[in-house]
Chemist: 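One structure, pasted below without further comment.
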Amino acid sequence: MRKLNYSEQTEWKLWYDRPASRWEEALPVGNGRIGGMVFGGIHRERIALNEDTLWSGFPRDPQNYDVLRHLGPARELIFAGKYKEAEKLIDAKMLGRRTESYQPLGDLWLEQGDSATEADGNELRGFRRELDLATGIATTTYRIGGAEYRREVFISAVDQVMVLRITALGSEPVNMAASLDSLLRHQAFGGPAGTARICMRGQAPSHIADNYRGDHPQSVLYEDGLGLTFEAQLLALPEGGGTVQADASGRLTVSGAKAVTLLLAAATDYAGYDQAPGSGGIDPAERCQAALDAAAALGYEQLRQRHEADHRRLFGRVELRLGRAEEAAERAARPTDERLEAYRRGESDLGLESLYFHYGRYLLMASSRTGTEAAHLQGIWNPHVQPPWNCGYTTNINTQMNYWHAEVAGLADCHEPLFELIRDLSVTGARTARIHYGARGWVAHHNVDVWRQSTPSDGEASWAFWPMGGVWLCRHLWEHYEFGLDEQFLQETAYPLMKGAAEFCQDWLVPGPDGRLVTAPSTSPENKFLTPDGGEPCSVSAGSTMDLFLIRELLEHTIRAAEILKVDEAWRQELADTLTRMAEPQIGPDGRLQEWSEPFAEAEPGHRHVSHLVGFYPGNAITVRQTPELAEAVRRTLEERIRNGGGHTGWSCAWLINLYARLGDGDTAHRFVNTLLSRSTYPNLFDDHPPFQIDGNFGGAAGIAEMLLQSHMGGIDLLPALPAAWTRGQVSGLRARGGFTVDMTWEEGRLTSACITSTSGGECTLRGLHGLSVRLPDGRTVQEGERFQTEPGATYLVG
Ligand code: FUC
């Protein structure tokens, strides 16, 4: 395919001409498990560290054995229209305990060079710190006097260590000191005598009793022996002479070296959600030592090559370029924070928009890799002992949004940690289903942590009472199958989990007063209606639209999966029967999609959640082609929400991009891309909810992909929501459902060429061809909307 002649030198980089002055300016690196935020300091460098299993708490039984006896009475109150009373009952009797918090591991501090050099009249020049998304390497360079210093940082997924390479060019040697520190209980010390190693060993709190509102030391509990143990170790490999010394207090000094490679390993004794810390046979110190020894034997060059090859393999799968190369290069020549400022002031910068897309891919690669924990509210990066919302997995939108781009943007393998989370939840959630609701299958609620809490958390019904977490998560299993068509995955992983969630739904649905099956109690995440009698804000009723969409889709996907696998025929029939008996989402008298089963007035008409639109995106129960009236109701719902201030948090705005893309309204989708970047983005391009929350990055990337390619209506829609601002561009490697990969170029707002690769054969239908046609290998041509058979591995050109 013709390339638009961009330069990789500048394109996929975030760069700055000064060190980060706060955490939200630092640059994230990660291998899915270990995370680092690189500040790029000059004489004093900080790399804030994380390890993805370092959480407060330990396994406990969070079941509330009292819930079940209140379920019947709560339903009676709801069906009698006594919503407020039902809500009070739930708040008082049917919730659970606070989930645990993700913890910061600590900081690696480097002191480098001698500030006296500068005082002697040698100015600091040429400072640059950057993050190259294509290689996953953060680099800081600067000159002082005749010396040029360079620090490179990456975290290798292959070798499980952070690698820091410090070099000095010119006459000056590298003189530096390194130390480790943590906000958690810890000790730092030197390695065995004669080694160039320092260590930090510490303990995570047994419980964090409060959310972030500044740090409340009294909410951080340590009970002896109950928290996870963690360890970080740093090893120095100097080159070109130089001496290394590690003292007993944990300070490592290197002097007179030409270059030094620092290797950092980190581990905890987390051995699974159901294993008490320390009981799983994992020794974090041994783990660190083994990783460091293996990495040291490879040496810097090999570590870097192995990391880069692995990183490029994933990152290079997709390329998106918007607008003219010269313009993109010109904009990229500016520091990213200035670029963002200019964009905020209204300057167009299509390169920044594609950078944001690639950053969304980069961040998922760095926070969710095979074998690691799933990405939580902040991916893996967090400096707080009491992080906002515990840095948890909040499953009424945020956890799902983290993975919206995974399939379409070529990172299906990064989706796997979420499947592991779902698998664990199906075990803890089976107890909760039985104990809380007397139901089969498994259930998960809104807050989940590393211990896989499946019960409601503490708090209030409007968010804590949400037994649909597992149902929604299961959509990811099905999507993974639909994109990749991996039948083994469907059989061994997806189907058993979907089946359990579907069984829960069968038992959870009850006949409402009109005999139709509904959920009760039911909430619509975090929004409230005004009670018809007293006009009081209330969150609890029966059969919220979101519940109905989520359950409907799960049952349909489960039936489809059982058909493909040729299993459970009788049960399939049961599910099909349930579907016919379920209540349907309603269009209200004002033409909007109703959020609840009744046309209640909303307490907050500009609410950030648009839960009832879940059937339109990410779901496909409503589509512009198949159900145009409902799609029109979606549009009206959106307009009203937005008119009242909706879309104001990062993720909420990101959702709007996806929804407008599905409406085929590229210009409005683009307006929200613009809003997300201008209003909800930190200097390091992290999403600013506020505060930092990574879902907006991921949802934004998904939205950009959704504007370019859709495959939810049976067939592939090319450029379905191209905004006027993206007149020309090219993209390669986007994935479509049915096992296809799509490359496209376009000019003047029209498709100019496309190449479809079929991974597993199967039928394909293309739309958005603008008069172009598909050439088949046998010479036949296929037009817009015409179905054709593909061969596995074959490519089909559109021109
Ligand atoms: C949900 C959202 C909030 C926030 C939190 C983590 O409760 O309503 O906006 O994203 O999750």
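Here, residue 1 is the first one in the sequence, and each next residue gets the next number. Not measured: the values here are computed from a predicted model. We count ligands from 1, going down the list as the structure has it; atoms in each ligand are counted the same way.
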Chemist: Nearest protein heavy-atom contact for atom 6 (C) of ligand 1: which residue, which atom, what distance?
Modeler: Trp389 CD2, 3.3 Å

Chemist: Quick one: do Arg431 and Asp61 make a salt bridge, cutoff under 4.0 Å?
Modeler: yes

Chemist: Does a donor on one side chain and an acceptor on the other come within less than 3.5 Å for Gln63 and Thr455?
Modeler: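 Thr455 and Gln63 do not have a side-chain donor-acceptor pair below 3.5 Å.
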
Chemist: Heavy-atom contacts with Leu377 under 4.0 Å: which atoms of ligand 1 show up? List them by number with element.
Modeler: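 Matching atoms, with element in brackets: 6 (C).
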
Chemist: For the residue pair Tyr403 and His415, does the interplanar ring angle fall in the parallel (under 30°), tilted (30 to 60°) or perpendicular (over 60°) class?
Modeler: parallel

Chemist: Around atom 1 (C) of ligand 1, find the nearest protein heavy atom and jot down its residue, atom name and distance.
Modeler: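 Protein heavy atom at minimum distance: Glu526 OE2, 3.0 Å.
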
Chemist: Is Ile397 touching ligand 1 with its side chain, its backbone, both, or neither, if touching means heavy atoms under 4.0 Å apart?
Modeler: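 Neither part.
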
Chemist: Output yes when the distance from some N or O of ligand 1 to some N or O of Asn396 is under 3.5 Å, and no in every other case.
Modeler: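 No - when backbone and side-chain N and O of Asn396 are compared with those of ligand 1, no distance drops under 3.5 Å.
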
Chemist: Regarding Glu100 and Asn390, do their side chains bring together a donor and an acceptor under 3.5 Å, going by distance alone?
Modeler: no

Chemist: What pair of heavy atoms forms the shortest contact from Ser454 to His445, and how long is it?
Modeler: O-ND1, 2.7 Å

Chemist: Asp695 versus ligand 1: do any nitrogen or oxygen atoms come within less than 3.5 Å of each other?
Modeler: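 Min N/O separation from ligand 1 is not below 3.5 Å for Asp695.
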
Chemist: Where is the nearest protein heavy atom to atom 8 (O) of ligand 1: which residue, which atom, and how far?
Modeler: His609 NE2, 2.6 Å

Chemist: Check Trp463 against ligand 1 and report side chain, backbone, both or neither, counting heavy atoms closer than 4.0 Å.
Modeler: neither

Chemist: Answer side chain, backbone, both or neither: which part of Asn398 comes under 4.0 Å from ligand 1, heavy atoms only.
Modeler: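 For Asn398, the contact with ligand 1 is made by the side chain alone.
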
Chemist: Report the residue from Lys528, Glu526, Glu460, Glu87 that forms a side-chain hydrogen bond (donor to acceptor under 3.5 Å, both in side chains) with Ser539.
Modeler: Glu87

Chemist: Which protein non-hydrogen atom lies closest to atom 4 (C) of ligand 1, naming both residue and atom, and how far is it?
Modeler: His689 NE2, 3.5 Å

Chemist: Quick check on the 6.0 Å ring-centre criterion: do Trp596 and Phe529 meet it?
Modeler: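 They qualify: ring centres under 6.0 Å apart.
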
